[in-house]
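Presented below is the structure to which this report refers.
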Number of protein chains: 2
Amino acid sequence: METKSSDAGVPADYDPAQFPAFAVTVDVVILTMSDGELHMLLVRRGEAPYKGMWAIPGGFKRPTETLDEAARRELAEETGVDVASMLTQFGAYGDPGRDPRMNVVTVAYLAVLRDVGVIVAGTDATDALLAPVAGVLSGQVDLAFDHRQIVRDAIERVRVELEVSGIATAFVGPTFTLAELRAVYEATWGVQLDAANFRRSVAADAGWVIPTGRLAQPGPAGGRPAELYRAGRSWKHGGPIHRLTSQRRPERK
Amino acid sequence: METKSSDAGVPADYDPAQFPAFAVTVDVVILTMSDGELHMLLVRRGEAPYKGMWAIPGGFKRPTETLDEAARRELAEETGVDVASMLTQFGAYGDPGRDPRMNVVTVAYLAVLRDVGVIVAGTDATDALLAPVAGVLSGQVDLAFDHRQIVRDAIERVRVELEVSGIATAFVGPTFTLAELRAVYEATWGVQLDAANFRRSVAADAGWVIPTGRLAQPGPAGGRPAELYRAGRSWKHGGPIHRLTSQRRPERK
DNA sequence: CTGGTTAGGGTCGACACGACCAAATCTGTC
DNA sequence: GACAGATTTGGTCGTGTCGACCCTAACCAG
């Protein structure tokens with residue numbers, strides 16, 4: 001608080017009483033698995049600046065709510081989904097000029113949803129888009145503000161979160177096969193995992209997923225029916241749960 | 001951005017143009033090793049609210065600087081240390097009422113310093129305190145605002161950072177023995193590490209620490225002189241560097 | 001010289017992990 | 001109905017890591 005040393009060109013006794021006013025927004029990167037690929041929700045901006053451009057859903061924080069509450073409110077407004085499930089703050093962004101209108105500091109959140117059927121219905125369909133994350137990262141989709149960097153950080157975060165917490169179950173339905181769960185890891189990390197080893201890794205930490213005893217219908221290509229599981233202990237409780245590092249599966253011939 | 005659904009008691013079309021004004025501050029948790037224990041820098045508040053109470057150093061962000069720059073400026077002002085070395089953002093805090101005066105959102109940073117000799121000299125000595133982290137966490141030291149929670153999160157972050165990045169070298173001097181480096185892990189995690197196994201873990205990832213060829217003076221209790229190392233590849237570059245998990249050393253008899 | 005202390009190096013067993021193979025069970029086609 | 005392809009599930013095995021433990025080298029204090 002006590003300013004002591006002098007900065008170049010700035011008065012030594014910067015008066016905190018006349019603090020500069022900022023707008024504080026909350027942006028939510030909403031991730032989901034669709035068609036075996038990682039997707040994210042984008043909305044089209046209806047106002048300047050960046051009017052007509054795609055952007056991460058978000059909005060102004062209100063003085064009466066916490067940051068977490070603001071994030072959940074925005075998530076609900078954009079998708080109609082009201083989940084306390086998976087909503088993690090992962091960064092704050094406040095570069096000067098990131099919003100040409102005014103001084104804006106945004107707090108970024110990461111949300112993981114398991115299905116998107118109702119999502120696009122929740123908001124205006126013409127203004128919402130479920131874009132593959134790969135396209136956003138590679139620059140095929142231009143985003144407003146510094147949202148591209150925010151998305152980059154979000155993906156990085158979800159990758160480590162997959163490893164350190166059991167967050168993968170948030171991507172899949174209430175009941176799922178191990179193949180579906182494995183697909184989450186494969187899509188997020190861009191690797192191929194051995195099914196047998198993956199099974200053992202999952203079974204290693206007891207209580208994370210629980211077998212239901214029922215069997216799933218095999219796909220159109222056939223194959224042995226897979227057991228159905230449901231999410232056990234939530235990913236919120238535990239610390240490190242399991243590790244699935246670099247097991248690679250050779251090229252499919 | 002487009003608000004659609006109605007919230008209870010809140011107008012459905014919340015007008016973003018009349019956005020609420022927030023003050024944005026940057027708080028820095030400055031950690032260092034002192035006397036074999038993890039310590040942090042606290043400053044005494046000179047103004048209301050919480051006047052006379054201990055708090056994390058911090059201050060208002062200026063519209064012309066980024067959040068990172070603000071954090072570095074605060075760190076320099078408080079300690080006289082100007083290091084791009086280790087400064088990591090780890091959280092944003094914006095609960096309503098966290099500052100009784102106004103709406104304040106703070107972005108918290110974590111800084112790691114290797115020595116504190118000049119630190120207390122850099123700021124006003126009567127208003128600065130190098131407090132053991134354990135005392136702060138246990139509540140023996142009361143902090144202003146929600147700074148106790150911020151400190152908790154900072155410690156949690158530095159623990160994982162210690163594991164995932166080679167940040168430990170930021171705690172020690174420009175040249176150090178492996179015993180000093182090991183003490184950083186032991187103090188931060190509250191465990192005892194086997195010296196021989198620790199040596200192997202460090203040597204496992206080449207380039208992290210580099211032997212200087214010189215030897216350190218043994219302590220007053222004698223013992224074989226230890227080799228001196230210097231930090232090699234910075235912790236900023238690489239991703240996961242090494243893993244030191246749960247190796248425990250039995251009670252010293 | 002002797003005992004205490006610390007650094008550095010070696011060994012060994014347990015266990016985790018990745019690569020690979022085999023059996024079981026389904027779908028679709030011939 | 002037989003067969004090929006696909007997929008899940010379970011087993012094996014070699015390699016490497018990790019933790020526990022011991023030993024020696026080198027220093028200090030008496």
Side-chain angles (χ1 to χ4, degrees), chain A residues 36 162-164 172 175-186 189 191-206 208-229 240-253, chain B residues 36 162-164 172 175-186 189 191-206 208-229 240-253:
Chain A
L162 264 192
E163 208 173 6
V164 84
V172 295
T175 146
F176 50 89
T177 68
L178 290 189
E180 294 178 82
L181 197 62
R182 178 162 46 89
V184 174
Y185 286 87
E186 293 182 335
W189 290 346
V191 295
Q192 295 276 88
L193 300 180
D194 183 89
N197 293 334
F198 181 82
R199 155 175 303 274
R200 268 183 290 272
S201 296
V202 168
D205 56 318
W208 179 39
V209 296
I210 309 176
T212 63
R214 293 177 301 149
L215 295 180
Q217 294 298 328
R224 174 170 169 179
E227 302 176 25
L228 277 175
Y229 292 81
I241 298 193
H242 67 313
R243 308 190 346 103
L244 294 168
T245 42
S246 64
Q247 41 173 296
R248 259 161 249 277
R249 190 164 51 181
E251 311 301 323
R252 190 88 49 94
K253 75 152 183 315
Chain B
L162 217 51
E163 207 173 9
V164 83
V172 295
T175 146
F176 51 89
T177 68
L178 289 189
E180 294 178 84
L181 197 62
R182 178 163 43 90
V184 173
Y185 286 87
E186 293 182 335
W189 290 346
V191 296
Q192 296 275 88
L193 299 180
D194 182 89
N197 294 333
F198 181 81
R199 157 173 304 275
R200 269 184 288 271
S201 296
V202 168
D205 56 318
W208 180 40
V209 296
I210 309 176
T212 63
R214 293 178 301 150
L215 295 180
Q217 295 297 328
R224 175 173 169 176
E227 301 176 26
L228 278 175
Y229 291 81
I241 298 195
H242 67 314
R243 308 190 344 106
L244 295 168
T245 41
S246 63
Q247 41 172 294
R248 260 161 248 275
R249 188 164 53 180
E251 312 299 324
R252 188 85 52 92
K253 76 149 185 313

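Below, read A as the first sequence line, B as the second, and so on, with proteins coming before strands; counting in each chain starts at 1. In what follows, every heavy atom counts, from backbone to side chain, and hydrogens, waters and symmetry copies are set aside.
A distance of 4.5 Å separates OH in B/Y185 from CG in B/L162, rounded to the nearest 0.5 Å.
Ranked by how close their nearest DNA chain C nucleotide is to the 5' end, B/T177 and A/R224 are led by B/T177. With DNA chain D read from its 5' end, the first of the two nearest nucleotides for A/E180 and B/P218 is the one closest to A/E180.
Look at CD on B/Q192: it is 20 Å from P on D/dC18, rounded to the nearest Å. A/E227 places its CD atom 13 Å from the C1' atom of C/dA24, with the value rounded to the nearest Å. Spacing between atom CG of A/D194 and atom P of C/dA16 amounts to 18 Å, rounded to whole angstrom units. In this entry the distance linking CD of A/E186 with C1' of D/dT7 reads 13 Å, nearest Å. Computed from coordinates, the B/F198 CZ to C/dG10 P distance equals 19 Å when rounded to whole Å. The CG-P distance, from A/L193 to D/dT7, rounds to 16 Å in whole Å. For the pair B/Y229 OH and C/dA7 P, the computed distance is 12 Å after rounding to whole Å. Summarising the geometry, the separation between CG on A/L228 and P on D/dT7 is reported as 17 Å, rounded to the nearest angstrom.
The two residues B/D194 and B/N197 come nearest to each other via the heavy atoms OD2-N, 2.9 Å. For the pair B/L193 and B/F198, the tightest heavy-atom approach, listed with the atom from each and the gap, is CD1-CD1, 4.0 Å.
Across all strands shown, A/Q217 has no heavy atoms under 4.0 Å from either base or sugar-phosphate atoms. Residue-level contact check: A/A196 touches the bases, meaning some heavy atom is under 4.0 Å from a base atom. Residue A/A179 is in sugar-phosphate contact alone, with no base atom involved, counting any heavy-atom pair closer than 4.0 Å across all strands shown. B/A226 comes within contact range of the sugar-phosphate backbone alone, with a heavy-atom separation under 4.0 Å but no base atom that close.
At a threshold of 4.5 Å between non-hydrogen side-chain atoms, the residues A/L215 and A/E227 count as touching.
Among C/dT5, C/dC26, D/dA26, the nucleotide with an atom closest to any side-chain atom of A/P225 is C/dC26. For A/R200, the listed nucleotide lying nearest its side chain is D/dT12; candidates were D/dT7, C/dG9, D/dT12.
Ring-plane geometry between B/F176 and B/Y229 is classed as parallel, the angle between the planes falling under 30 degrees on a 0 to 90 degree scale with a further cut at 60.
Applying the 4.0 Å criterion to OP1 and OP2 of C/dA7, one finds that B/R182 has a side-chain N or O inside that range.
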